[in-house]
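Every chain is numbered from 1 and lettered A, B, ... according to where its sequence line falls, protein lines coming before strand lines. These numbers come from a predicted model, not from an experiment.
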There are 2 protein chains.
Amino acid sequence: MSTSYQGSEEEIRALDTYIKLMRATGSVTYRAHTHLVDVKLTPSQFGVLEALFHLGPLVQRDLANKLLVTGGNITMVVDNLEKRGLVLRKRDSDDRRFINVHLTEMGNELIGRLFPVHADIIKRELQVLTADEQDLLGDLCKKLGLNETG
Amino acid sequence: MSTSYQGSEEEIRALDTYIKLMRATGSVTYRAHTHLVDVKLTPSQFGVLEALFHLGPLVQRDLANKLLVTGGNITMVVDNLEKRGLVLRKRDSDDRRFINVHLTEMGNELIGRLFPVHADIIKRELQVLTADEQDLLGDLCKKLGLNETG
DNA sequence: GGGCAATAGTTTAACATTAAATGAATACAT
DNA sequence: ATGTATTCATTTAATGTTAAACTATTGCCC
């Protein structure tokens with residue numbers, strides 16, 4: 001049956017904390033994405049629209065960096081968004097390597113309508129914690145992220 | 001440029017906390033997977049091996065539930081692990097709907113060698129937090145996960 | 001200014017992932 | 001006991017995801 005792994009106390013604690021971190025993130029993310037089914041958007045597509053909504057037109061490389069995915073991935077996701085008429089590509093005339101991605105009228109309308117729903121879901125999920133607890137959680141998470149690179 | 005979204009204070013806080021949670025999880029997970037390149041295992045494949053290592057042989061449905069993925073996904077991942085001779089499928093003779101997945105000698109040897117490395121990476125990543133901080137983080141995460149369903 | 005390194009984007013191959021449809025085996029209700 | 005509903009696994013289609021190879025463009029350097 002269960003293969004017992006003999007780790008140190010620190011390892012046990014770290015693995016236990018990590019699994020809880022994973023579950024919490026997965027849980028909130030899962031719920032934050034349920035409403036996307038209605039508009040037939042994938043989480044990745046929503047992520048791109050959200051980034052453009054908040055930051056304005058972006059070069060694909062910047063999108064990839066923001067969303068922590070590869071360039072090839074962005075090519076695919078933007079392709080599908082473009083097919084649906086939600087975003088447009090516009091090559092930079094100064095430096096023709098760059099391609100600016102911006103929301104179309106339709107894309108802007110959609111994400112402008114979707115984001116408040118998204119924000120509300122996140123808010124309700126996080127409200128099992130008090131404001132202080134959320135700040136505390138944020139601080140602890142920030143420390144974990146800082147650990148450099150990646 | 002930046003399209004300003006006018007959310008409530010609660011929404012702003014929740015979104016801010018959520019993004020930090022996502023970044024922290026992504027950061028630790030990313031680092032925990034770097035060593036898999038050496039043995040040409042994908043994170044999903046590692047996840048299956050890890051589950052089998054700790055819980056013993058599992059039916060595919062249980063694997064899917066443990067790893068929070070769909071059944072079709074497990075079919076694919078187990079296929080690839082089976083091709084490499086790391087796991088074996090064995091149909092249950094009592095209830096022929098079930099397929100038990102278990103580690104082969106080679107699979108057991110591999111995950112037994114890999115898991116300590118994995119545990120050590122997680123430990124080092126989490127050690128930017130004290131033991132108390134880790135417990136606190138775990139508790140906060142647990143509250144988030146509890147919010148039922150999903 | 002001609003060659004070379006660096007950067008942006010695309011493509012390809014392999015694997016992952018989901019939802020939905022299907023097939024096979026079992027449970028259950030009347 | 002027979003028909004119906006469940007459950008498990010697979011398949012399919014579509015999209016995502018990465019790494020690696022490739023193209024195109026620009027920057028740099030001698």
Side-chain angles (χ1 to χ4, degrees), chain A residues 26 29-51 57-84 86-102 150, chain B residues 26 29-51 57-84 86-102 150:
Chain A
T29 299
Y30 173 82
R31 289 163 197 162
H33 288 160
T34 48
H35 72 110
L36 297 181
V37 176
D38 304 334
V39 291
K40 297 196 193 303
L41 275 185
T42 66
S44 304
Q45 290 168 353
F46 178 81
V48 168
L49 295 183
E50 188 187 9
L58 287 176
V59 159
Q60 291 191 190
R61 181 98 295 274
D62 291 339
L63 270 174
N65 292 341
K66 283 288 171 197
L67 303 175
L68 302 176
V69 294
T70 61
N73 183 13
I74 291 295
T75 295
M76 164 71 96
V77 176
V78 169
D79 274 355
N80 287 324
L81 285 172
E82 202 174 25
K83 281 179 199 158
R84 279 186 59 178
L86 298 174
V87 304
L88 270 182
R89 284 179 163 103
K90 185 155 167 260
R91 195 167 282 276
D92 189 307
S93 48
D94 288 344
D95 188 334
R96 295 189 49 74
R97 284 174 303 183
F98 293 92
I99 295 188
N100 264 278
V101 183
H102 61 89
Chain B
T29 298
Y30 174 81
R31 288 162 197 161
H33 288 160
T34 48
H35 72 110
L36 297 180
V37 177
D38 304 335
V39 290
K40 297 197 193 305
L41 275 185
T42 66
S44 304
Q45 291 168 354
F46 178 81
V48 168
L49 295 182
E50 188 186 8
L58 286 176
V59 160
Q60 292 191 190
R61 179 99 295 273
D62 292 339
L63 269 174
N65 292 341
K66 284 286 171 199
L67 303 176
L68 303 176
V69 292
T70 62
N73 182 11
I74 291 296
T75 296
M76 164 70 97
V77 176
V78 169
D79 274 355
N80 288 324
L81 286 172
E82 202 174 25
K83 281 179 199 159
R84 280 186 58 177
L86 298 174
V87 304
L88 270 182
R89 283 178 163 103
K90 184 155 168 261
R91 196 168 282 276
D92 189 306
S93 48
D94 289 342
D95 189 333
R96 294 189 51 73
R97 286 174 302 182
F98 293 92
I99 294 189
N100 265 278
V101 183
H102 62 88

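- Each of A/D92 and B/F98 has a nearest nucleotide on DNA chain D; the 5'-most of these lies closest to B/F98.
- Legend: residues meeting side-chain hydrogen bond (donor to acceptor under 3.5 Å, both in side chains) with A/E50, ordered by chain and number and at least two apart, are absent.
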List the atom pairs, with distances to 0.1 Å, where a side-chain N or O of residues 38-48 of chain B and a protein N or O form a donor-acceptor pair under 3.5 Å, not counting sequence neighbours.
| residue | atom | partner | partner atom | Å |
| --- | --- | --- | --- | --- |
| B/T42 | OG1 | B/Q45 | N | 3.1 |
| B/Q45 | OE1 | B/T42 | N | 3.1 |

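- Contacts of B/D62 classified as side-chain hydrogen bond (donor to acceptor under 3.5 Å, both in side chains), with partners at least two apart in sequence or in another chain: none.
- Looking only at distances, a side-chain donor or acceptor of B/R91 sits under 3.5 Å from a matching main-chain atom of B/R96.
- With sequence neighbours excluded, the residues satisfying salt bridge (Lys or Arg N to Asp or Glu O under 4.0 Å) with A/R97 are A/D95.
- Here the P atom of nucleotide C/dT10 and the CZ atom of A/R96 are 13 Å apart, to the nearest Å.
- Distance CZ (A/R61) to P (C/dT10): 11 Å, rounded to an integer number of Å.
- Contact check, A/T75 against C/dG9: no side-chain N or O comes under 4.0 Å of OP1 or OP2.
- Taking 4.0 Å as the cutoff to heavy atoms of chain B, we find the contact window on DNA chain D bounded by D/dT6 to D/dT11.
- Mapping B/D94 and A/N100 onto DNA chain C by nearest heavy atom places A/N100 at the nucleotide closer to the 5' end.
- When the C1' atom of C/dA8 is taken as reference, atom CG of A/L58 falls 14 Å away, rounded to whole Å.
- Checked against salt bridge (Lys or Arg N to Asp or Glu O under 4.0 Å), B/D92 has no partners two or more places apart in sequence or in another chain.
- Evaluation of the side-chain hydrogen bond (donor to acceptor under 3.5 Å, both in side chains) rule for A/R61 yields A/N65 as partners, not counting sequence neighbours.
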Worksheet, complete the sentence: Each nucleotide of nucleotides 12-24 of chain C classed B (base within 4.0 Å of a protein heavy atom), S (only sugar-phosphate) or -, in 5' to 3' order, makes ---SBBBS-----

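- B/R84 is linked by a side-chain hydrogen bond (donor to acceptor under 3.5 Å, both in side chains) to nothing, counting only residues two or more places apart in sequence or in another chain.
- B/R91 has its CZ atom 9 Å from the C1' atom of C/dA25, to the nearest Å.
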